[in-house]
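For clarity, every value in this text was computed on a predicted model and none was experimentally measured. Scope of the values below: all heavy atoms of this structure, side chains included, with no hydrogens, waters or symmetry mates.
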Amino acid sequence: MSAAPQKAKPGAEQLAVRVSAVVPLNDLVTRFEFQRTDGQPFPTFSGGAHTVVTMQDDGRTRLNPYSLMSDPADTSTYAISVRRDDQGRGGSLFMHTRVKQGDEMTITYPVNLFSLDLRARKHLFFAGGIGITPFMSMIHQLEQSNGNWELHYSVRTEALGTYVDELKYKFPTKVHVYYDDQSQSIPLETLLDGQPLGTNAYVCGPKGMIDWVHATASAAGWPDAQVHSEEFLAPAPGKPFEVRLCKSDKTIQVGENESLLEAIERAGVEAPFLCRGGACGQCETDVVSYDGEFIHRDHWLEPEQQAGEKIMPCVSRFVGKSLELDR
Amino acid sequence: MTIQFNEETFRDDYSFYNSDWAIKRFPFPFHEDSYMYSVNMEQHRGGPKGSVYEMRFDVDEHYVSEMRDRAMVLADDPLRCQSLPHMTLAGWDLLELIMVSKSEDYPDLFELHRDGNQWRWINKPLGIDDTFTFMDETTLPYGPMEYITRQAQGDFCVLDQRDEMLWMDAGMVTTQADWSLDFDIGMNFFEWHAPVPLAHEMGIFKRALKFLLNIQQGAPARRLNWTMTVNPLLDTSPENYHKWGIQKTTLTPENIGSKQHLRVELQSFFRLPRSNALVFPIRCYLCSFQDLMTVPKWGRRLHRVVRDLPVELATYKGFIDNRPMMLDYLEQFDDGLPTSRGVFPDLETEPPLTKA
Ligand code: HEM
Ligand code: FES
């Protein structure tokens with residue numbers, strides 16, 4: 001129509017925030033709480049939503065998604081919990097070592113790629129490690145509407161059981177915790193069997209756990225649509241490579257510790273994105289030509305599209321002689 | 001701005017009319033001299049002052065009469081408003097969105113006072129002053145979606161988002177262009193669009209769905225759609241086709257200017273915060289051919305668009321039989337001069353009609 005042409009901005013709307021609290025929870029996980037700098041209330045959100053945090057790391061901009069784990073109805077504070085990843089590309093290290101109470105940051109409006117199916121008679125949650133975070137906000141939401149839920153949470157050790165004490169104290173009959181170091185594991189088959197009709201299952205955790213829940217549920221006859229998952233894909237580091245961006249007529253280098261999307265942005269080329277985790281589809285980019293191998297890590301493209309047609313630059317990489325993209 | 005609300009009807013004697021102000025701000029849908037389906041979406045972040053694009057929910061001179069017409073439709077057929085049980089939370093989201101938007105955008109007409117969950121809503125044009133508990137249905141005379149959409153112009157579809165798909169699981173639909181909520185309820189995006197010609201083959205719905213699934217909180221979008229309606233009738237539903245379908249045969253060369261209306265839908269898309277549902281308001285604007293012809297650019301352009309529209313579209317939109325008569329009328333207002341780009345009237349810059 002073009003009544004008032006406006007160019008779509010990449011990414012979700014931004015909110016300016018101040019870090020109102022930094023709360024170490026255990027050796028690996030720290031909670032960060034935010035308040036808006038303009039004093040306005042935050043938008044409410046739906047359980048399972050995430051926000052993308054912008055980090056200014058010595059001239060380099062990092063954008064990492066984190067699940068919102070505060071009460072969605074609390075419009076004064078947003079909270080995220082960040083697990084330190086010593087092998088990763090540094091976003092979580094930046095949060096742990098550099099971010100202090102009182103710092104000003106930018107985060108996006110909530111985006112939900114892992115929402116509750118509100119038709120469900122019962123919500124069955126499976127969390128592994130830091131995968132607990134989206135369930136924290138879902139539990140808040142369901143508690144307000146008398147929702148029927150149950151959590152099965154597997155952690156490495158008691159010392160690393162993020163929010164275990166709080167959850168067990170508040171919901172002693174609904175929360176079940178399993179400790180790896182005590183050789184406990186979620187009795188998945190038994191749990192999937194014998195659920196009331198209309199139960200939906202949700203899993204968030206390491207990839208192995210997600211695959212296990214999907215496969216077991218599928219074998220037990222659960223419809224795919226009733227098993228929901230969220231895997232946080234952090235862009236993995238990899239060998240540097242060169243890319244030609246046709247539309248903008250630029251050749252760029254993708255460094256070992258940055259994603260292809262970040263390298264595109266660093267070159268001043270605007271590229272669409274939303275989740276930066278391979279799940280939303282926004283950053284989909286056409287491949288013009290290539291000579292080499294793709295390292296696809298997204299959950300978005302079909303296998304035939306991954307065979308040289310498209311790439312998701314937020315998480316995927318390339319090794320080989322040359323790559324030309326339509327960007 | 002104070003709006004003078006029209007005393008008018010959309011049925012029986014059809015006393016509906018547009019003031020000069022309403023004609024100038026009519027959302028003429030053609031930005032060039034031809035039309036074809038496209039993924040014509042843009043951000044919904046305001047627009048030129050006074051235009052229908054400026055506010056999140058436009059309120060105009062037809063507000064009070066349209067709400068009266070909606071109440072009559074609902075009294076005859078309560079199934080025009082439906083909400084599946086899991087959509088109540090989305091209904092509260094919608095109630096909040098509309099109350100907050102209207103009270104901020106039209107402070108002289110609407111007021112919202114919030115004290116925790118105790119809310120007081122004042123709607124001056126409709127004479128409403130209600131106090132209720134947010135999220136407690138028992139404190140409102142209707143469910144939250146029905147309550148607020150009885151006070152908001154345009155139809156509303158509330159879509160649940162699951163499995164990378166949108167589902168029509170709730171809605172208030174009384175001013176629709178020949179489709180039925182009762183028929184479409186529970187359907188998905190591809191199912192309810194099944195009757196539309198050509199667009200599926202063009203891949204429009206696949207791309208549109210991807211776009212919609214990614215609409216985020218704080219970043220609403222909008223698009224326009226249009227059709228033709230004989231007489232200023234809001235309720236052109238399949239349920240009542242027996243009443244309005246025959247009116248299409250009452251068109252004559254003498255009455256076409258006043259009877260034939262261009263019907264434009266300003267459709268917008270908002271992500272709802274608590275439910276993660278999507279709301280799709282479809283706001284209907286009507287303008288008679290003779291009023292449209294007061295804008296020379298629109299006269300020239302409407303003739304060319306109607307003349308060159310593919311048969312499939314003219315058939316789907318229900319005016320293929322009347323097209324020759326429309327063209328005879330519209331042709332008088334097309335002198336062959338070029339037209340400026342964009343949808344706005346450009347009255348200062350576009351030349352007057354140079355044809356007797
Ligand atoms: C979720 C939001 C939407 C809803 C609820 C919706 C609903 C509908 C319905 C009920 C119809 C009438 C179908 C019939 O004949 O029974 C329709 C028609 C149509 N829709 Fe949508 N729609 C939505 C979004 C879109 C979008 C984003 C596009 C973008 C291209 C689109 C394109 C069309 C077109 C081209 C038609 C035919 C209209 C005509 O020629 O008059 N729709 N839509
Ligand atoms: S930004 Fe979401 S898939 Fe790449």
Mind checking whether B:M135 and A:Q144 have side chains closer than 4.5 Å, heavy atoms only? no

Structural part of A:E284 lying under 4.5 Å from a heavy atom of chain B: side chain

For A:Q141 and B:S275, indicate whether the former's side chain and the latter's backbone hold a donor-acceptor pair under 3.5 Å. no

Looking at every non-hydrogen atom in both residues, tell me the closest pair between B:Q216 and A:P110 and how far apart they are. OE1-O, 4.0 Å

Give the interface residues of residues 82-89 of chain B toward chain A, defined by a heavy-atom separation under 4.5 Å. B:H86, B:L89

Proximity breakdown for B:D163 and chain A, heavy-atom pairs closer than 4.5 Å: side chain

OG1 of A:T44 to CD of B:E96: how many Å apart, nearest 0.5 Å? 5.5 Å

Atom pair CG/CG of B:L213 and A:L113 - distance to nearest 0.5 Å: 10.0 Å

Within a 6.0 Å radius of atom CG on A:D224, are there more than 12 heavy atoms belonging to other residues, nucleotides or ligands? no

Would you indicate whether B:R114, at its atom CZ, is surrounded by more than 12 heavy atoms from other residues, nucleotides or ligands within a distance under 6.0 Å? yes

Proximal to chain B - members of residues 306-313 of chain A, heavy-atom separation under 4.5 Å: none

B:E32 versus chain A, the contacting section by heavy-atom distance below 4.5 Å: neither

B:R162 portion near chain A, given a 4.5 angstrom heavy-atom threshold: side chain

Under 4.5 Å from any heavy atom of chain B - which part of A:Y109: side chain

When rounded to the nearest 0.5 Å, the distance separating CZ of B:R271 from OG of A:S46 is 8.5 Å

Between A:P43 and B:Q217, which heavy-atom pair has the shortest distance, and what is it? CB-NE2, 3.5 Å

Hey, could you give me the CG/CZ distance between A:L116 and B:R274, rounded to the nearest 0.5 Å? 14.5 Å

